[in-house]
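Following: one structure in structure tokens, then a few remarks.
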2 protein chains.
Amino acid sequence: MKDPLSDLVGYALRRASSAMMEDMAKRMGALGLRTSEASVLMLIRANPGITQSDLCRALGIQRANMAPLIARMEARKLVARSRSDGRSFGLAVTEAGEELAASARRVSDEQDSGLLAIVPPEHRAHLLPALSALWRADQSSSGQ
Amino acid sequence: MKDPLSDLVGYALRRASSAMMEDMAKRMGALGLRTSEASVLMLIRANPGITQSDLCRALGIQRANMAPLIARMEARKLVARSRSDGRSFGLAVTEAGEELAASARRVSDEQDSGLLAIVPPEHRAHLLPALSALWRADQSSSGQ
DNA sequence: TATTGTTATACTCTATAACTATA
DNA sequence: TATAGTTATAGAGTATAACAATA
């Protein structure tokens with residue numbers, strides 16, 4: 001069968017990302033986390049006191065979608081909120097959240113090692129710089 | 001702000017793919033196509049007589065989701081179906097479909113050039129081989 | 001006026017289960 | 001038994017609009 005798509009970087013990018021995300025969903029699911037929850041948890045852990053809006057800007061998530069996500073994690077006592085000003089909350093991980101965030105980080109690192117192991121050695125060091133350039137150059141992610 | 005995710009290949013892969021797909025959706029939308037429809041159209045064009053199931057295996061789409069997609073494109077007279085055996089149809093692009101497929105291919109090539117232009121020159125040639133290795137190595141895509 | 005958090009809502013993509021007709 | 005196509009359905013991700021409270 002002819003495959004007119006296999007020489008397209010964009011197509012390979014989508015397929016690689018889908019495969020990786022499916023694998024990641026399985027790994028984080030084993031911890032009781034969605035992938036979005038895992039990234040949020042890791043980012044709060046690294047930035048205690050961060051607000052929901054700052055999280056949204058960092059992760060490219062809409063505020064409207066962050067609200068129920070944080071609510072779920074607060075209900076599970078993984079994250080605690082404290083008023084920072086009248087509008088916003090400062091977020092921090094609880095003890096349970098700290099443990100889970102550490103596990104999520106470990107899982108992420110494991111997956112990353114696995115991904116890099118699949119990439120032929122001569123291409124390996126180029127992947128992260130190339131991908132970082134692609135998403136940092138994106139215009140649409142800057143506006144909310 | 002600390003960013004514990006930016007050194008993860010998996011995270012960069014997801015962000016780069018999201019940005020690319022958003023851009024692609026805009027470009028294909030201008031042609032009246034969804035991204036999935038565009039890829040299907042290009043693949044049928046390159047493989048006249050292909051069945052829906054073969055398309056599904058090539059593109060990693062579920063049969064259940066292919067049915068309404070093909071139905072839409074048949075209703076728009078972009079694709080024609082003819083019985084190949086009692087179970088399956090052979091698919092082919094119509095004249096209108098051929099034109100639209102050519103436009104979709106042009107749009108894809110344009111985007112790809114733009115993507116590669118963003119990647120620093122020393123990393124450029126490594127991107128497609130690295131991504132191809134990643135999604136071709138994926139286990140879950142082989143089973144339907 | 002702009003920002004934060006929230007609710008409601010809708011659209012797309014994707015996945016599974018169940019069914020029929022055929023090989 | 002396995003495969004092709006179909007339908008119904010549900011989950012997840014994501015987007016916009018509108019609102020109240022606050023800066």
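Convention: sequence-line order gives letters A, B, ...; per-chain numbering from 1.
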* Asked: So, B:Asp7 and A:Arg105, do they make that salt bridge, N to O below 4.0 Å?
  ->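 Yes.
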* Presence of salt bridge, A:Asp109 and A:Arg106, under 4.0 angstrom ->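 Not counted as a salt bridge, because no side-chain N and carboxylate O are separated by less than 4.0 Å.
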* I would like to know whether A:Met73 and A:Glu37 meet side chain to side chain contact (heavy atoms under 4.5 Å, CB included); could you show each step before the answer? => CA-CA 8 Å; A:Met73 302 189 70; A:Glu37 293 171 339; 4.1 Å; yes
* To do: Output all residues satisfying salt bridge (Lys or Arg N to Asp or Glu O under 4.0 Å) with B:Arg27, sequence neighbours left out; order by chain, then residue number.
  =>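 B:Arg27 satisfies salt bridge (Lys or Arg N to Asp or Glu O under 4.0 Å) with B:Asp23 only.
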* **B:Thr35/A:Tyr11 under side chain to side chain contact (heavy atoms under 4.5 Å, CB included): CA gap, chis, key distance, verdict** => CA-CA 10 Å; B:Thr35 57; A:Tyr11 183 72; over 6 Å; no
* Asked: Any side-chain heavy-atom pair from B:Ile61 and B:Leu55 closer than 4.5 angstrom?
  ->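 Not in contact.
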* Should B:Leu69 and B:Asn65 count as side-chain neighbours, where that means a heavy-atom distance under 4.5 Å? ->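 No, too far: nothing below the 4.5 Å cut-off.
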Taking atom [atom2] of [N] as reference, at what distance in whole Å does atom [atom1] of [X] sit?
X	N	atom1	atom2	result
B:Phe89	D:dT3	CZ	P	19 Å
B:Leu69	D:dG5	CG	P	13 Å
A:Met28	D:dG13	CE	C1'	17 Å
A:Leu59	D:dG13	CG	P	13 Å

* **Intermediate values then yes/no, salt bridge (charged side-chain N to carboxylate O under 4.0 Å, His left out), B:Asp3 and A:Arg45** => CA-CA 10 Å; B:Asp3 185 358; A:Arg45 181 197 191 205; over 6 Å; no
* Looking at DNA chain D, which of residues 75-88 of chain A put a heavy atom within less than 4.0 Å of it? ->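 The stretch gives A:Asp85, A:Gly86, A:Arg87 as the residues lying under 4.0 Å from the strand, ordered by number.
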* Look at A:Gln52 and C:dT3 and indicate whether a side-chain polar atom (N or O) is within less than 4.0 Å of OP1 or OP2. =>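 Looking at the OP1 and OP2 atoms of C:dT3, neither is under 4.0 Å from any side-chain N or O of A:Gln52.
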* Would one find a side-chain N or O of A:Arg63 under 4.0 angstrom from OP1 or OP2 of D:dA18? ->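 Answer is no, no contact under 4.0 Å.
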* Letter per nucleotide, 5' to 3', of nucleotides 11-17 of chain C [B base touched, S only sugar-phosphate touched, - untouched; heavy atoms, 4.0 Å] -> --SBBBB
